[in-house]
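These notes concern the structure reproduced below.
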There are 2 protein chains.
Amino acid sequence: MPDRSSIPRPAAKRLSLYLREAGICVRIGRQTVSSRQLGEALGVSDAQVRKDLALLGQFGQSGVGYDASALYQQLRQALGTDRNWNTLLVGAGNIGRALLGHAAFEAEGFKITAVFDSATSLVGTTIIGHRIRPMSELGSCVKELRVRIGIMAVPRDAAQVVADQLVRAGVSGLLNFASRRVELPDTVRILSVDFTGSLERLAFEIHAAEGGLAESA
Amino acid sequence: MPDRSSIPRPAAKRLSLYLREAGICVRIGRQTVSSRQLGEALGVSDAQVRKDLALLGQFGQSGVGYDASALYQQLRQALGTDRNWNTLLVGAGNIGRALLGHAAFEAEGFKITAVFDSATSLVGTTIIGHRIRPMSELGSCVKELRVRIGIMAVPRDAAQVVADQLVRAGVSGLLNFASRRVELPDTVRILSVDFTGSLERLAFEIHAAEGGLAESA
DNA sequence: CTTTGTGAAATTATTCACAGCA
DNA sequence: TGCTGTGAATAATTTCACAAAG
């Protein structure tokens, strides 16, 4: 067994890509898939794919490739998505509603079990089948429903306060849609999705690609 | 003038974080900010901050730090957000609507100038002040409004087709919300935001931290 | 004093290239 | 033949540490 105690961060990021691709292979009935094929589908070198998958153990077959469904199962297990994750959503605004309507979550094992909002005008109403709860119920909800991930779709100025509440309620991780860094105890993981930051990075790449040549004159 | 095209990818990712922080400094009236302060606010080492900012030129002051508004301007210029970027949105579903209601885009120089959808039931209707246009208008719209970025908020199975249409229409970059890799000519940049993938990565980190399968820093 | 900018060193990540297997 | 798994080589990135500057 290889040393499984430490998976490099960049490799960890690619794991969910491999899972997606393995899922496609399984769905279309493909028996095996090679590191080259996976790599081409995802824009990664074949050597990189092999290195990454070897981190999870040896289950490829020389001359053949990886068994698609074994790969799929192995990745699900490694990522922890072989069983269900209960999540809760804080913030029933634009982004929150989009997430509630995002069917892909449940298909991949993530269930939004409860929705919270601090706006009293929203509390008690039902949005896309979810009753909006008051923040005061956060703690009991996390315990009763065994929620492990809190999804924060709140304004940036509320992010730290909500994060603190979620941590106190006992979640293990946060998915943060507010473009603000929040301080957390290092027992709690966070991953941020920043729309504006993404656009800025994209703009930078375009800008640099176009400006880089023109400016050397 | 520094050569923007030679900025390392990880550094480029941090640039938008620095911009956010510099913006906060300017807004609260702070005159100067040091690499240590920036680093602490963003979870990056001070040496890293200095290396990154030095890529844009030398504008720090020994013993003092960086002039907040000069830093802000410099970053905006480097990222290309000192000028307006016209974008268009394809897909007026859940995610598309959330993006239309996301005020932060315009505040940072990104304007959604037009919205498209392939559903004939939506075309012609107005959503959050935007008339939904048929896909057939894509080409003329890009030209007339000088759109450079296409935002794809479409189902995964439509992603490649829509990407092809956007490329043909002449955009320079794509912001993709579908969890599927799309093939593009390498003159066109793409950046993908994958909700499910993000959740999977978060779940992996939690899972790994708890299960002994850790991720190295 | 404090803080920048930057070579040099250390660390981390990727690619190469090939032995070994089916 | 086609392919994996993996050490070795390479490349990229981060950290160190300090001279120079205010």
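Residue numbering restarts at 1 for every chain, and letters A, B, ... go by the order of the sequence lines.
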- [ ] Report yes if at least one side-chain N or O of A:S62 is closer than 4.0 Å to OP1 or OP2 of C:dG20; otherwise report no.
- [x] no
- [ ] May I have the distance from B:L71 (atom CG) to C:dT3 (atom C1'), rounded to whole angstrom?
- [x] 15 Å
Task: Whole-Å gap separating C1' (D:dT14) and CG (B:D52) - done: 10 Å
Task: Short side-chain N/O contact from B:Q48 to OP1 or OP2 of D:dT15, under 4.0 Å - done: yes
TODO: Nearest whole angstrom, please: distance from the P of C:dA22 to the CG of A:D67.
DONE: 16 Å
TODO: Report yes if at least one side-chain N or O of B:S45 is closer than 4.0 Å to OP1 or OP2 of D:dT14; otherwise report no.
DONE: no
TODO: Look at A:R50 and D:dG7 and indicate whether a side-chain polar atom (N or O) is within less than 4.0 Å of OP1 or OP2.
DONE: no
Task: N/O donor-acceptor pair, side chain A:K51 with base C:dT15, under 3.5 angstrom - done: yes
TODO: Look at the rings of B:F195 and A:F195 and say which category their plane angle falls in: under 30° parallel, 30 to 60° tilted, over 60° perpendicular.
DONE: tilted
Open item on the list: Nearest whole Å is fine: how far is C:dT14 P from A:R9 CZ?
Closed with: 13 Å
Open item on the list: Quick test of your reading of the model: are A:R181 and A:E183 salt-bridged, counting only N-O distances below 4.0 Å?
Closed with: yes
Task: Length of the line joining B:L53:CG and C:dT3:P, which is rounded to integer Å - done: 15 Å
TODO: Specify the separation, in whole Å, of atom CD of A:Q61 and atom C1' of C:dC21.
DONE: 10 Å
Task: N/O (side chain, A:Y66) to phosphate O (OP1/OP2, D:dG2) under 4.0 Å - done: no
Open item on the list: Quiz question: by atom type and distance under 3.5 Å, do the side chains of B:S35 and B:R50 form a donor-acceptor pair?
Closed with: yes
Open item on the list: Using a 6.0 Å distance limit plus a 45 degree cone around the ring axis, check whether A:R83 lies over the aromatic ring of A:W85.
Closed with: yes
- [ ] Kindly say if B:S35 contacts the phosphate of C:dT3, meaning a side-chain N or O under 4.0 Å from OP1 or OP2.
- [x] no
- [ ] Please state whether the phosphate of C:dT3, meaning OP1 or OP2, lies under 4.0 angstrom from any side-chain nitrogen or oxygen of B:Q37.
- [x] no
Task: Test item: side-chain donor near acceptor, A:S192 and A:N176, under 3.5 Å - done: yes
Task: B:P10 side-chain proximity, nearest of C:dT14, C:dT15, D:dT13 - done: D:dT13
- [ ] Take atom CZ of A:R14 and atom P of C:dT12, then tell me their distance rounded to the nearest Å.
- [x] 16 Å
TODO: Could you state the atom-to-atom distance from CG of A:L56 to C1' of D:dT6 in whole Å?
DONE: 16 Å
